[in-house]
Amino acid sequence: MSQSRFNRPPGFEGNQTDPEESYRAGYQHGTRVLLRYLESSPKPDLERLKQWVNTELTGWRHDTEANPNPPAL
């Protein structure tokens, strides 16, 4: 398996004690990232946001060796 471009440490998945809590924390974090982006952009670029979600964020999510922090928007 090739090295992750997001540098997730080995065994990161094993650090999660409650999958539901982890899911909810991720959902909250994602919402905050989108809110910061929308607040910081006077005219948000919807196409850039779609590209980030559909390619960068999706790739990061499925990369088992990626860092726990998502790619920047």
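Here the structure is a predicted model, which is why all the values come from computation and not from measurement.
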**Message:** Applying salt bridge (charged side-chain N to carboxylate O under 4.0 Å, His left out), can you list everything that pairs with R48, at least two apart in sequence or on another chain?
**Reply:**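 If we apply the salt bridge (charged side-chain N to carboxylate O under 4.0 Å, His left out) test to R48, skipping adjacent residues, the hits are E56.
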**Request:** List for me each residue that meets salt bridge (charged side-chain N to carboxylate O under 4.0 Å, His left out) alongside E47, sequence neighbours excluded, and say none if there are none.
**Result:**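 Residues passing salt bridge (charged side-chain N to carboxylate O under 4.0 Å, His left out) with E47: K50.
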**Item:** T58: side-chain contact (heavy atoms from CB on, under 4.5 Å) partners, not counting sequence neighbours
**Value:**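 Once residues adjacent in sequence are excluded, the partners of T58 under the side-chain contact (heavy atoms from CB on, under 4.5 Å) criterion are H62.
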Hey, can you pull the donor-acceptor pairs under 3.5 Å for the side chains in residues 25-37, sequence neighbours left out?
unit_1, atom_1, unit_2, atom_2, d
T31, OG1, Y27, O, 2.9
Y37, OH, D45, N, 3.2
Y37, OH, D45, O, 3.4

